[in-house]
Amino acid sequence: MGQSIAVEARRFEEHREHLRAVAFRMLGSAAEADDAVQEAWLRFARTDTADVANLRGWLTTVVSRVCLNLLRSRRHRQEDALEADLPLAAGPGAGGDPESDAVMADAVGSALQVVIDALGPAERVAFVLHDLFGVPFDRIAPVLDRTPEATRQLASRARRRVRAGRDRVEADRDARQRRSVVEAFLAAAREGRFEDLLAVLDPDIVVVADEDAVATGFSGREVIGASAVAAIFNGQARDAVTVLVDGLAGAMWAPGGSPRSVLSFAVVDGKVASIEIMNAPNTIAALDLEPADVSRNR
């Protein structure tokens with residue numbers, strides 16, 4: 001009897017990391033993924049699987065049903081989906097199963113997990129099993145108690161929501177990165193840290209100023225190159241504040257609360273690639289200016 005249990009345990013262990021990867025993607029929680037895998041083990045231990053030709057497929061179905069029940073229970077209790085509590089770079093399967101390692105390291109990033117967490121239970125199961133693990137719809141359908149065609153439609157709807165949601169998440173991340181670069185530029189300029197200014201500027205940066213900016217002392221309509229730009233801004237911008245300029249991170253000088261100069265930044269690969277300086281009142285009046293902290297609530 002003991003030998004039989006040991007043999008069954010070895011059979012199960014061959015698929016544990018795969019099952020944990022599946023459960024983690026459905027549940028978004030390492031702890032709950034472990035619980036789901038443990039429940040799958042208990043069901044496996046109570047079942048005669050000698051005639052099961054595809055044990056991985058059978059176990060995937062079992063753990064998927066366990067996860068589906070957990071997801072439905074969450075919704076029934078009106079609980080928020082749990083945040084992932086395991087760093088994705090060292091997710092389930094790290095150093096173990098190559099399949100789960102690839103899943104964690106490739107397209108299934110943190111942005112995708114955020115969106116998956118927003119899917120309904122059935123959509124979530126259909127999408128994770130088919131799109132992330134390649135399980136055919138005719139095998140997913142019994143898990144969801146749906147027809148293969150209905151399951152295909154669930155996955156298709158989930159796929160559309162994931163694409164739209166991931167675009168939003170990535171856009172928010174890009175906006176945060178742009179703001180961080182602009183804030184680093186302004187801080188280095190204010191404090192006269194020339195080398196730090198150079199570090200945040202693209203070597204081929206171009207600064208373009210309008211006629212009003214030139215008339216008030218800026219060094220020409222166009223300045224090219226990181227060294228020249230850093231020399232101009234080093235020790236300057238003491239009263240500039242970060243703002244959203246037409247929705248993108250920028251800066252503004254507004255003595256007495258009235259905008260007198262607005263800087264629009266283009267950030268590429270984490271470096272300031274160009275700056276447009278606008279001092280003309282008509283130009284500034286046409287801009288959509290908002291406090292930069294508004295972006296944190298979007």
Side-chain angles (χ1 to χ4, degrees), residues 87 89 109-111 114 165-298:
S110 57
V114 169
R166 183 162 51 185
D167 287 346
R168 288 195 300 272
V169 170
E170 291 177 350
D172 288 345
R173 183 178 59 201
D174 290 345
R176 288 194 296 271
Q177 183 196 48
R178 284 193 297 270
R179 173 175 172 168
S180 176
V181 170
V182 170
E183 289 177 339
F185 169 86
L186 291 176
R190 291 188 195 106
E191 297 165 17
R193 292 185 277 112
F194 186 80
E195 292 301 322
D196 290 340
L197 264 177
L198 283 179
V200 81
L201 298 177
D202 184 278
D204 299 317
I205 182 174
V206 177
V207 177
V208 178
D210 65 15
E211 292 181 357
D212 288 58
V214 174
T216 55
F218 190 76
S219 304
R221 291 294 301 274
E222 185 175 272
V223 179
I224 300 175
S227 294
V229 172
I232 290 172
F233 283 97
N234 194 41
Q236 304 300 316
R238 296 187 184 280
D239 297 317
V241 295
T242 53
V243 293
L244 296 180
V245 181
D246 291 337
L248 299 178
M252 176 179 69
W253 179 56
S258 178
R260 298 281 296 278
S261 182
V262 175
L263 280 66
S264 176
F265 292 74
V267 177
V268 179
D269 295 332
K271 302 279 189 178
V272 180
S274 68
I275 303 173
E276 182 180 4
I277 302 176
M278 296 164 282
N279 282 23
N282 291 342
T283 301
I284 293 176
L287 297 173
D288 181 12
L289 301 175
E290 296 181 80
D293 58 4
V294 171
S295 62
R296 295 179 178 175
N297 300 321
R298 289 184 171 184

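At least one side-chain heavy atom of Val243 sits less than 4.5 Å from a side-chain heavy atom of Val245. Contact check for Asp246 versus Leu287: side-chain heavy atoms found under the 4.5 Å cut-off.
Rounding to the nearest 0.5 Å gives a distance of 6.5 Å between CG of Leu201 and CD1 of Ile275. In this structure, CD1 on Ile277 lies 7.5 Å from CD1 on Ile232, to the nearest 0.5 angstrom. Here the CZ-CD1 distance, from Arg260 to Ile284, works out to 9.0 Å after rounding to the nearest 0.5 Å. Taking CG of Asp210 as the start and CD of Glu276 as the end, the distance is 7.5 Å to the nearest 0.5 Å. The distance from atom OG of Ser274 to atom CD1 of Ile224, rounded to the nearest 0.5 Å, is 11.5 Å.
The minimum heavy-atom distance linking Pro259 with Leu289 is given by the pair CG-CD1, 4.2 Å. Considering every non-hydrogen atom in both Gly250 and Val182, the closest pair reads O-CG1, 3.8 Å. Ala230 and Phe194 make their closest contact through CB-CE1, 3.5 Å (heavy atoms, listed as atom of the first residue, atom of the second, distance). The minimum heavy-atom distance linking Val181 with Gly270 is given by the pair CG2-O, 3.6 Å. Counting all heavy atoms, side chain and backbone alike, Ala228 lies closest to Val223 at CB-CG1, 3.8 Å.
Partner Met252 forms a side-chain contact (heavy atoms from CB on, under 4.5 Å) with one of Leu244, Thr242, Val262 and no other, that one being Val262.
Residue pairs satisfying the ring pair (Phe, Tyr, Trp, His ring centres under 6.0 Å) criterion with at least one member in residues 227-250, sequence neighbours excluded, are listed as follows: Phe185-Phe233.
In this view, Arg193 and Glu191, Asp196 satisfy the side-chain hydrogen bond (donor to acceptor under 3.5 Å, both in side chains) rule, not counting sequence neighbours. Applying the salt bridge (charged side-chain N to carboxylate O under 4.0 Å, His left out) test to Arg221 and every residue at least two apart in sequence or in another chain returns Glu211.
Under the 3.5 Å distance criterion, the side-chain polar atoms of Thr283 are left unmatched by any main-chain donor or acceptor of Asn279. Arg190 contributes a side-chain N or O that, together with a main-chain N or O of Ala240, makes up a donor-acceptor pair within less than 3.5 Å.
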Could you go through the side-chain contact (heavy atoms from CB on, under 4.5 Å) check for Asp202 and Val272 one step at a time? CA-CA 6 Å; Asp202 184 278; Val272 180; over 6 Å; no
